[in-house]
Amino acid sequence: MMKLESLIEKALFLSASFSALIVFLITFFLIREGVPALSLNFLTGLEWRPGQEFFGTLPTIIGTLWVVIGAVFIALLIGVPTAIYLSEFAPFWVRNIIKSSVEVIVGIPSVVIGFFGLMILVPFIRNTIGGRGESILAGWIVLAIMILPNLISLTEDSLRAVPKSYREASLALGATQWQTITKVIVPAASSGIRAAIVLGVGRAIGETMAVLMVIGNPETPWIPTSILDMTRTLTSTIAIEFSYAEWGSPHQHALFAIGVVLFLLVTALNFVATFVIRRNKN
Amino acid sequence: MNPVSREKIMKRLLLIAVALSLIILPVILIWVGYNGSGIISIEFLTSRPRLFEYGGIYPQIMGSVYLVSLCTLFGAPLGIASAIYLAEYAPDNRITQSVRFFTETLAGMPSIVIGLFGLEFLVFYLQLKTSLLAGAISLSFMMLPWTIRASEEAIKTVPQEYRAASLALGATKWQTIVNVVIPAAMPGILTGVLLGVGKAVGETAVVWLTAGSGLEAFVPRSLSSPTGSLPMYIYLLATQAHTVEGVQRAYGASLVLLIMFLGVSVSALMARNYYLRRLGN
Amino acid sequence: MRSRRRKKQTTYLFLGIGVIIGLLLAGPLRYNGVINDLRDQITSGGGDTIPTGDLTVAGSSTLLPITQECANLFMEKHPFTYISVAGGGSGHGIKSAGSGEVDIGQSSRNIKDSELLRYPDLVIFSIGKDSVAVIINSDNPLAGSLDLSLEELGEVFSGEITNWKDLGGEDHEIEVYTREEGSGTREVFTQYVLGDKNYVSTASVKPSNGEMRASVANNKYGIAYVSLGYVDEAVSAVLIDGVEATVENVQNGAYPITRILWMFTKGMPNNLESSFILFIQGPEGQKVVEELGYIPIY
């Protein structure tokens, strides 16, 4: 009997280590294929011309950051007030409905949102603001839509985690409700909000389809100077080019190297998120 | 400006932001529903695609169903087992911490990276070819960490007294887990699995690299045959269709995908409510 | 009592889920078994000239419409065949046929020496001819009348001419679309038109002929190049040195760009592979080639 119990424990431990195994395998295969192309020039080069074996990804990396930072900023601008409303003002049933719909919405297929961007946003930007429509701006909006639900949910959680006594103390000192929110509650929840931002950035960096469909993917990306410029992201470059890259060629290695860069960025963000959340808990 | 009127303005701004964030998704749902409902017909749902922009989406629907069921078959048991270990057995040491860190890392992994890995490891290295099997396994890598996270949380919320009572009655640890802890944690586990399924249904980048081109004209008949899927079909038609018929089909397929996705998600919430009610009795 | 009932509920739930998943899986597996039995019966009956089984084709998006339509016709003619046709590009087609990942690869450009060295056992078939046409939006005032030389086209696609005004059109930027590195269409276009020049860096990369055409059809100031088979009434083809991009003009050599469409197998083709390739090369397949706007091999 005891033997069976310990066997079960071992089997469960094996399943639990399976995700670690997958992460190791991913690291191994990405590095095996990507390392031949990784070099300083790969990270700092300005020209991406696979045909002539110029693999500079700096403009792509900067393009990615532009798109991601803008999207997270927009999502914060809309998401944090929504979270404040939900935790401080909304009646219980409104909060309930919104929270469960947010839970559902988090997983809405990105290709549908990309389709929306392609059919509605791109022509709209083209006709009213100018440029080609396929632009960083379109990428911002599409990505912000994608990260908004998670951001609202996490921010609301951390706002609600602020003890009631804080609110009462502040109100008792004569502060208005608004002052209480901006001076007491939001600062007290700030580490939770920071963690939500980091997770949002991670999600935005890794998002492929929706962004790919609206940002234009120029032949040779440049460091963007305007929000109406087209650009490439790390993910979109892999997605458009992987199937055409000759297998075993420097081009294919370069695409895997982009995968390595993505992997490192996301793992680093995960480190930061774990760190921020841990400090929050202590 | 006095604080009271400033407060009013701020509150109004707050409501604008709330309205903005609440309006986006209904807009998308209505947009897809409005444009997509016209093409939906028995014929569209039961025939195969022809000449790229014509025909129906039956093989794509079935391809998505097979991919997701297989992915659940691999991902859910593994995820639940991992969660049981992490919540019930794991000693608080380095090994457990690193297992948890790797699970989080996998959860944050961009789907295109998982797709690249699936292509390199499953399709080429293990010679599975671009197939139903390779696609489903790659999808389960995506789904795994979400299942683990939700199940672990659900198991942890089971009150400690349940375990103590069961152990006191002479049950072994495993008996306690199977008979007491898991039934009590079921709503959370089920919700977690179903939300993972919802994620897998809509995933595009992974199946693009591992499962097939998306326009396959027949339902996969074995694990090794390539398979179409709704997200790939939508992507191809959304970007390449230039006729009204093609664009209509992209809308129609989006509507079907959204219905499948919402069906899974809503049943996740309903499953949870049902169990919560039962537990409340 | 209640806990037992709850346990029962859980068991039923698991059973239910299991049954559903089982049913879903049983379908293809059982179906596959039936097919295999049938195939065995047919082949053991000495009828091994009847093609049966699975066939995967991948590669150039230029050949995609031909192969897809031919596959549909072929499957109607031979009920126990299942042909899956995927895109992915010429390089992908050569690579995956050479590595055995798919049964037949297809390419709209000639195979490179490096690829032949890597995959020496590729057997090569030609199934049609094609050209590359330059297209602009039908609402562009220049639609139908724009006539450029190869050099001028090179200047447009490399960014030396950037405004429609310089070509006699409206005062607006020329918005160039291009295919991605590795595409057969891009390679042929580069060879005939651009030479050593680079594509203009603001050209938006579209990973298929279909997306090139859709982009130009939706953009009044767009210009792109596509396979001849993709030219239709939604877009307007540009004349090159006064010659229209038509099948006749390519055949008689007046239109300057021409290329051959290829298919590959790894080693000599088996029964199913060769009957499918022969079907495409035969009268029915070549009729499809012609109907879709490509050029038959005969």
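Hydrogens, waters and symmetry mates are skipped; everything else that's a heavy atom, side chains included, is used. Protein chains get the first letters and strands the later ones, always in sequence-line order, with residue 1 at the start of each.
Contacts of B:Leu144 with chain A are made by side-chain atoms alone, with heavy-atom separations under 4.5 Å and no backbone atom involved. Within the 4.5 angstrom heavy-atom criterion, only side-chain atoms of B:Leu257, from C-beta onward, approach chain A. For A:Leu148, the part sitting under 4.5 Å from any heavy atom of chain B is the side chain, from C-beta outward, and nothing else. For A:Ile120, the part lying under 4.5 angstrom from a heavy atom of chain B is the side chain only. For chain A, no part of B:Val201 is nearby; none of its heavy atoms comes within less than 4.5 Å. Looking at A:Leu234, there are no atoms closer than 4.5 Å to chain B (heavy atoms on both sides), in backbone or side chain. Contact annotation for B:Ala250: both backbone and side-chain heavy atoms come within less than 4.5 Å of a heavy atom of chain A. For B:Ile16, no part lies under 4.5 angstrom from a heavy atom of chain A. Proximity to chain A (any heavy atom under 4.5 Å) is shown, for B:Pro231, by both the backbone and the side chain. In this structure, chain B has a heavy atom under 4.5 Å from the side chain of A:Ile152, while its backbone stays farther away. For chain B, no part of A:Leu86 is nearby; none of its heavy atoms comes within less than 4.5 Å. Residue A:Leu118 touches chain B through its side chain alone, counting heavy-atom pairs closer than 4.5 Å. With a threshold of 4.5 angstrom between heavy atoms, A:Phe28 does not approach chain B through any atom at all.
When all heavy atoms of B:Ile148 and A:Ser19 are compared, the closest pair comes out as CD1-OG, 3.8 Å. When all heavy atoms are compared, the tightest approach of A:Ser15 to B:Leu78 is CB-CD1, 3.6 Å. Residues B:Ser21 and A:Thr82 share a closest heavy-atom pair of OG-OG1, 2.8 Å. Heavy-atom minimum distance, A:Ile26 versus B:Met109: CD1-CE, 4.2 Å. Closest non-hydrogen pair, A:Ile8 versus B:Tyr89, comes out as CG2-OH, 4.4 Å. In this structure, A:Met213 and B:Ala238 approach most closely via the heavy-atom pair CE-CB, 3.8 Å.
Two residues are said to be in side-chain contact when any heavy atoms from C-beta on lie closer than 4.5 Å; B:Ser111 and A:Thr208 meet this criterion. Considering only heavy atoms from C-beta on, B:Phe101 comes within 4.5 Å of A:Thr267 through its side chain. At least one side-chain heavy atom of B:Phe141 sits less than 4.5 Å from a side-chain heavy atom of A:Phe18. Put simply, the side chain of B:Pro110 reaches to within 4.5 Å of the side chain of A:Val266, judged on heavy atoms. Residues A:Phe263 and B:Phe117 form no side-chain contact, since every pair of their non-hydrogen atoms from C-beta on lies 4.5 Å or further apart. The closest side-chain heavy-atom distance from B:Leu258 to A:Ile108 is below 4.5 Å. Contact check for A:Phe89 versus B:Leu14: side-chain heavy atoms found under the 4.5 Å cut-off. For the pair A:Phe116 and B:Trp31, the minimum side-chain heavy-atom distance is below 4.5 Å.
Aromatic ring orientation, B:Tyr125 versus A:Phe29: perpendicular (interplanar angle above 60°, classes split at 30° and 60°).
The aromatic ring centroids of A:Phe115 and B:Tyr235 lie 6.0 Å or more from each other.
Top candidate by heavy-atom pairs under 4.5 Å with chain A, chosen from B:Ile24, B:Leu13, B:Leu262, is B:Ile24. Options A:Ser17, A:Ala75, A:Pro81 differ in how many heavy-atom pairs under 4.5 Å they form with chain B, and the most are formed by A:Pro81. Your options are B:Phe102, B:Phe121, B:Tyr85, and the one with the most heavy-atom pairs under 4.5 Å with chain A is B:Tyr85. Contact tally against chain B (heavy-atom pairs below 4.5 Å) for A:Ile113, A:Leu269, A:Val112: the top residue is A:Val112. Considering only heavy-atom pairs separated by less than 4.5 Å from chain A, the leading option among B:Thr105, B:Val264, B:Val99, B:Val113 is B:Thr105.
Here the OG atom belonging to A:Ser6 is positioned 13.0 Å from the CH2 atom belonging to B:Trp174, to the nearest 0.5 angstrom. To the nearest 0.5 Å, atom CE of residue A:Met209 and atom CD1 of residue B:Ile234 are 10.0 Å apart. Atom-to-atom distance recorded for A:Gln179:CD and B:Met10:CE is 11.5 Å, nearest 0.5 angstrom. Between the CD1 atom in B:Ile84 and the CD atom in A:Glu9 there is a gap of 12.5 Å [rounded to 0.5 Å]. For the atom pair A:Ile78 CD1 and B:Ile23 CD1, the distance stands at 11.0 Å (nearest 0.5 Å). A distance of 6.5 Å separates OH of A:Tyr85 from CG of B:Leu15, quoted to the nearest 0.5 Å.
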Check the pair A:Phe13 / B:Ile95 against side-chain contact (heavy atoms from CB on, under 4.5 Å), numbers first and verdict last. CA-CA 10 Å; A:Phe13 174 71; B:Ile95 297 178; 3.8 Å; yes
Test B:Leu119 against A:Phe242 for side-chain contact (heavy atoms from CB on, under 4.5 Å), laying out the working first. CA-CA 10 Å; B:Leu119 181 74; A:Phe242 85 90; 4.1 Å; yes
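Atom NZ of B:Lys173 has more than 12 neighbouring heavy atoms from other residues, nucleotides or ligands inside a 6.0 Å radius.
For the side-chain contact (heavy atoms from CB on, under 4.5 Å) with B:Ile112, the qualifying choice from A:Ile238, A:Leu212, A:Ile258, A:Thr237 is A:Ile238, the only one to do so.
Formation of a donor-acceptor pair under 3.5 Å by the A:Glu33 side chain with backbone atoms of B:Glu120 is not found in this model.
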